[in-house]
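What follows is one structure encoded as structure tokens, with my remarks underneath.
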Amino acid sequence: MSDNLDKSNINEAEKSKSNDSEQSLEDAVEGSDETLQKKIKSGSPSTQRVQRPHSSPPRFVTVDELLETAKGVTNMVLAHEIVVNGDFRIKPVELPEDSLEKRVKEIVHKAFWDCLSVQLSEDPPTYDHAIKLVGEIKETLLSFLLPGHTSLRNQITEVLDLDLIKQEAENGALDISKLAEFIIGIMGTLCAPARDEEVRKLKDIKEIVSLFRAIFSVLDLMKVDMANFAVSSIRPHLMQQSVEYERKKFQELLEKQPNSLDFVTQWLEEAADDLMKYKNALPAGGGAAGSGDGAVPNPVAVQNYAYLKLLKWDHLQRPFPETVLMDQSRFQELQLQLEQLTILGAVLLVTFSMAASGISSQANFAEKLKMIVKILLTDMHLPSFHLKDALTTVGEKVCLEVSSCLSLCGFTPFTTDKETVLKGQIQAVASPDDPIRRIMDARILTFLETYLASGHQKPLPAVPGGLGPVQKELEEVAVKFVRLVNYNKMVFSPYYDAILSKILVRA
């Protein structure tokens with residue numbers, strides 16, 4: 001791993017260590033969890049690392065190979081999304097307003113419905129378009145049926161017999177309203193409960209063209225409902241097969257692009273190197289969770305440490321490891337949530353430390369204060385958000401709430417000097433180098449590391465001191481993080497093991 005570290009980064013790390021040693025009070029409080037935080041952050045690469053390594057030369061491929069690969073990747077992404085995202089839903093396609101596609105679609109649809117209206121207003125009426133629509137409706141209704149719906153299938157096939165309908169039209173005996181009534185009845189039988197109201201409204205439409213347009217609109221919604229039902233039904237079965245499926249698709253991609261593990265190799269090398277330095281910096285007998293007592297960390301510890309590094313990733317400057325690329329947005333979201341929790345925890349910690357000892361035990365007040373601060377930090381992910389300005393507002397609001405609570409509980413009210421100090425400490429949290437913020441950040445990482453190393457089947461570990469007020473939020477993030485990591489490990493562990501077997505031999 002030392003080959004991948006720039007001398008400038010080493011010098012920076014040593015300089016940072018020298019500066020930190022001067023803050024003896026901070027070091028005494030933070031202990032080894034702060035060391036863990038520094039090691040994870042110190043993995044930020046030099047500019048040279050942003051470029052793709054060239055350990056494996058790229059291979060020229062044909063257009064057909066590229067198309068086939070793209071199709072495989074698309075299928076892999078979709079399967080991964082269904083399995084990982086429990087809230088995955090297919091949504092109706094909505095074209096952007098004023099877009100060319102939307103205008104063309106509206107023009108074509110209007111022409112079609114106008115043509116249908118003209119045909120039905122003729123004397124005698126012409127039913128060519130109407131019969132085609134009935135045929136499309138028939139196929140759609142049949143596609144909704146399950147294998148056991150034999151009676152409904154026979155009923156639809158019998159009533160919507162297109163040959164019979166054509167004969168009735170030719171003989172002037174076709175009752176299009178009666179067909180529409182039957183279709184609406186079948187739709188009411190097959191639709192999800194959420195669509196009952198839309199189907200009921202169809203019965204109030206008397207004009208045939210408008211009724212057919214409305215029927216197709218509701219059928220489109222029913223198609224989406226049926227697709228989502230199918231997704232929820234196959235998810236348990238897909239989970240069993242998705243690991244092998246994703247691994248197979250990635251292997252196919254790797255065969256076409258042999259350098260598709262370069263960033264993964266770099267990521268694991270950095271994790272092993274950082275973890276080795278972290279272990280060597282600890283007193284005898286110390287070590288990261290799960291790293292063991294030997295001189296060389298075990299592969300599981302390196303993988304866990306590597307995933308923790310993803311929570312401090314510089315997404316703008318560094319390419320993401322290939323095997324976790326599909327989950328990059330999820331790791332970014334977790335990163336933002338943890339940053340918000342760090343700020344929230346730091347604000348609550350300094351507030352409860354300065355207020356009367358009994359105020360933090362007031363459960364209702366503590367929860368109210370947390371919600372107020374959370375609301376004021378809601379937009380942290382937006383580029384326009386200014387943390388320093390937001391914390392100024394937070395400081396003002398916190399002082400008002402604390403003063404009110406102190407008064408109600410009969411405690412000594414805040415002095416002006418105390419309010420000034422509290423506001424200043426809250427504003428100081430805006431800096432990443434603030435001691436309280438660094439403590440919270442380090443302890444959150446330690447909690448996640450411990451939970452990841454403990455195994456998914458065991459209960460959540462105890463929350464480190466100072467994180468009690470944000471325990472619920474932290475545990476929710478931890479569960480998402482560990483679930484994501486464990487699934488990724490199941491898919492790509494053979495590749496990780498092969499890479500680490502070479503890295504750890506050199507260590």
Quiz item: Knowing that exactly one of V347, D389, I372 qualifies, which makes a side chain to side chain contact (heavy atoms under 4.5 Å, CB included) with V394?
Solution: V347
Exercise. Could you walk me through whether F216 and L133 pass side chain to side chain contact (heavy atoms under 4.5 Å, CB included), step by step?
Key: CA-CA 9 Å; F216 272 93; L133 290 180; 3.6 Å; yes
Quiz item: Would you call R200 and D196 a salt bridge, using N to O less than 4.0 angstrom?
Solution: no
Self-check item: Test of ring centre spacing under 6.0 Å for W313 and F320
Solution: yes
Quiz item: Any side-chain heavy atom of I183 sitting closer than 4.5 Å to one from L160?
Solution: yes
Quiz item: Judged by atom type as modelled, is there a donor-acceptor pair below 3.5 Å linking the side chain of T392 to the main-chain atoms of K388?
Solution: yes
Practice problem: Going by the side chain to side chain contact (heavy atoms under 4.5 Å, CB included) test, name the single residue among T189, I156, T157 that passes it with L141. | Solution: I156
Quiz item: If every non-hydrogen atom of V159 is compared with every non-hydrogen atom of L179, which pair is closest and at what distance?
Solution: O-CD2, 4.0 Å
Practice problem: Report yes if the side chains of L387 and L391 come closer than 4.5 Å at any heavy-atom pair, otherwise no. | Solution: yes
Self-check item: Neighbour count above 12 (heavy atom, 6.0 Å) for E158 CD
Solution: no
Exercise. For residues Q303 and D497, determine if any side-chain heavy atom of one lies less than 4.5 Å from a side-chain heavy atom of the other.
Key: yes
Quiz prompt | Spacing of CD belonging to E333 relative to CG belonging to L484, to within rounding of 0.5 Å | solution = 10.5 Å
Exercise. Using a 4.5 Å cut-off on heavy atoms from C-beta on, say whether the side chain of L310 contacts that of D327.
Key: no
Exercise. Would you check if T323 and L261 make a side-chain contact, meaning some heavy-atom pair closer than 4.5 Å?
Key: yes
Practice problem: In sequence, state the C-alpha distance, the side-chain angles, and the governing distance for K370 and E367, and then conclude on salt bridge (charged side-chain N to carboxylate O under 4.0 Å, His left out). | Solution: CA-CA 5 Å; K370 181 173 73 172; E367 192 64 27; 3.6 Å; yes
Quiz item: Passes salt bridge (charged side-chain N to carboxylate O under 4.0 Å, His left out), E270 versus R318? Steps please.
Solution: CA-CA 13 Å; E270 290 177 4; R318 297 198 65 183; 3.1 Å; yes
Practice problem: Without swapping roles, check the side chain of N171 against the backbone of A173 for a donor-acceptor pair under 3.5 Å. | Solution: no
Exercise. Please determine which of R330, Q340, H315 meets the side chain to side chain donor-acceptor pair (under 3.5 Å) test together with Q335.
Key: H315
Quiz prompt | Output field: ring centroids Y305/W267 closer than 6.0 Å | solution = no
Self-check item: Distance-minimising heavy-atom pair for P469 and L348
Solution: CB-CD1, 3.6 Å
Quiz item: Under the side chain to side chain contact (heavy atoms under 4.5 Å, CB included) criterion, do L211 and I184 qualify, and how do the steps go?
Solution: CA-CA 10 Å; L211 177 57; I184 294 171; 3.9 Å; yes
Quiz item: From N488 CG over to S493 OG, what is the distance, rounded to the nearest 0.5 angstrom?
Solution: 9.5 Å
Practice problem: Give a yes or no on this: more than 12 heavy atoms of other residues, nucleotides or ligands lie within 6.0 Å of atom CD of E181. | Solution: no
Practice problem: May I ask you to check whether over 12 heavy atoms, not counting those of F385, lie within 6.0 Å of atom CZ? | Solution: yes
Quiz item: Using 4.0 Å as the upper bound for N to carboxylate O, is an ion pair formed by K309 and D274?
Solution: yes
Quiz item: F331 vs Y307 aromatic rings, parallel, tilted or perpendicular, using cut-offs 30° and 60°?
Solution: parallel
Quiz item: In chain order, what residues pass the side-chain contact (heavy atoms from CB on, under 4.5 Å) check against E198, with sequence neighbours excluded?
Solution: R195, V218, L221
Self-check item: Non-hydrogen atoms of P125 and L120 that approach each other most closely
Solution: CB-O, 3.7 Å
Exercise. Would you check if K502 and T265 make a side-chain contact, meaning some heavy-atom pair closer than 4.5 Å?
Key: no
Quiz item: Nearest heavy-atom pair of S177 and I208: which atoms, and what distance?
Solution: OG-CD1, 3.5 Å
Quiz item: Could you state the interatomic distance from CD (Q266) to CD1 (I503), rounded to the nearest 0.5 Å?
Solution: 10.5 Å
Exercise. Search all heavy atoms of L445 against all heavy atoms of L308 and return the closest pair with its distance.
Key: O-CD2, 4.2 Å
Quiz item: Is there side-chain contact between Y487 and F492, with at least one heavy-atom pair below 4.5 Å?
Solution: no
Quiz prompt | Euclidean distance, R443 CZ relative to T446 OG1, rounded to 0.5 Å | solution = 9.0 Å
Quiz item: Charged N to carboxylate O under 4.0 angstrom, E170 versus K166?
Solution: no
Quiz item: Side chain of S454, backbone of Y451: donor and acceptor closer than 3.5 Å?
Solution: yes
Practice problem: Could you check L467 against Q471 for side chain to side chain contact (heavy atoms under 4.5 Å, CB included), going step by step and ending with a plain yes or no? | Solution: CA-CA 6 Å; L467 294 175; Q471 177 175 348; over 6 Å; no
Quiz item: Should the pair E246-K249 be classified as a salt bridge under the 4.0 Å nitrogen-to-oxygen rule?
Solution: no
Self-check item: Pair E475 + K480: basic N to acidic O under 4.0 Å
Solution: no
Quiz prompt | Note, L338 side chain near L474 side chain (heavy atom, < 4.5 Å) | solution = yes
Quiz item: Roughly how far, to the nearest 0.5 Å, is the CG atom of L344 from the CE atom of M371?
Solution: 10.0 Å
Quiz item: Side-chain donor-acceptor pair under 3.5 Å between N228 and K223, yes or no?
Solution: no
Quiz item: Taking the six-membered ring for Trp, are the ring centroids of Y495 and F250 within less than 6.0 Å of each other?
Solution: yes
Exercise. Check the pair E473, K374 against salt bridge (charged side-chain N to carboxylate O under 4.0 Å, His left out), reporting the backbone distance first and the verdict last.
Key: CA-CA 11 Å; E473 291 82 359; K374 279 180 70 174; 3.4 Å; yes
Quiz item: Is it true that E168 and K178 have a side-chain N and a carboxylate O under 4.0 angstrom from each other?
Solution: no
Quiz item: Side chain of E207, backbone of S210: donor and acceptor closer than 3.5 Å?
Solution: yes
Quiz prompt | Nearest atoms (heavy-atom pairs only) where N298 meets L504 | solution = C-CD1, 4.3 Å
Quiz item: Which distance, rounded to the nearest 0.5 Å, do you find between the CG of L500 and the CG of L268?
Solution: 5.0 Å
Quiz item: Among pairs that include at least one residue of residues 123-145, which meet ring-ring contact (aromatic ring centres under 6.0 Å, His included), considering only residues two or more places apart or in two chains?
Solution: F112-H129
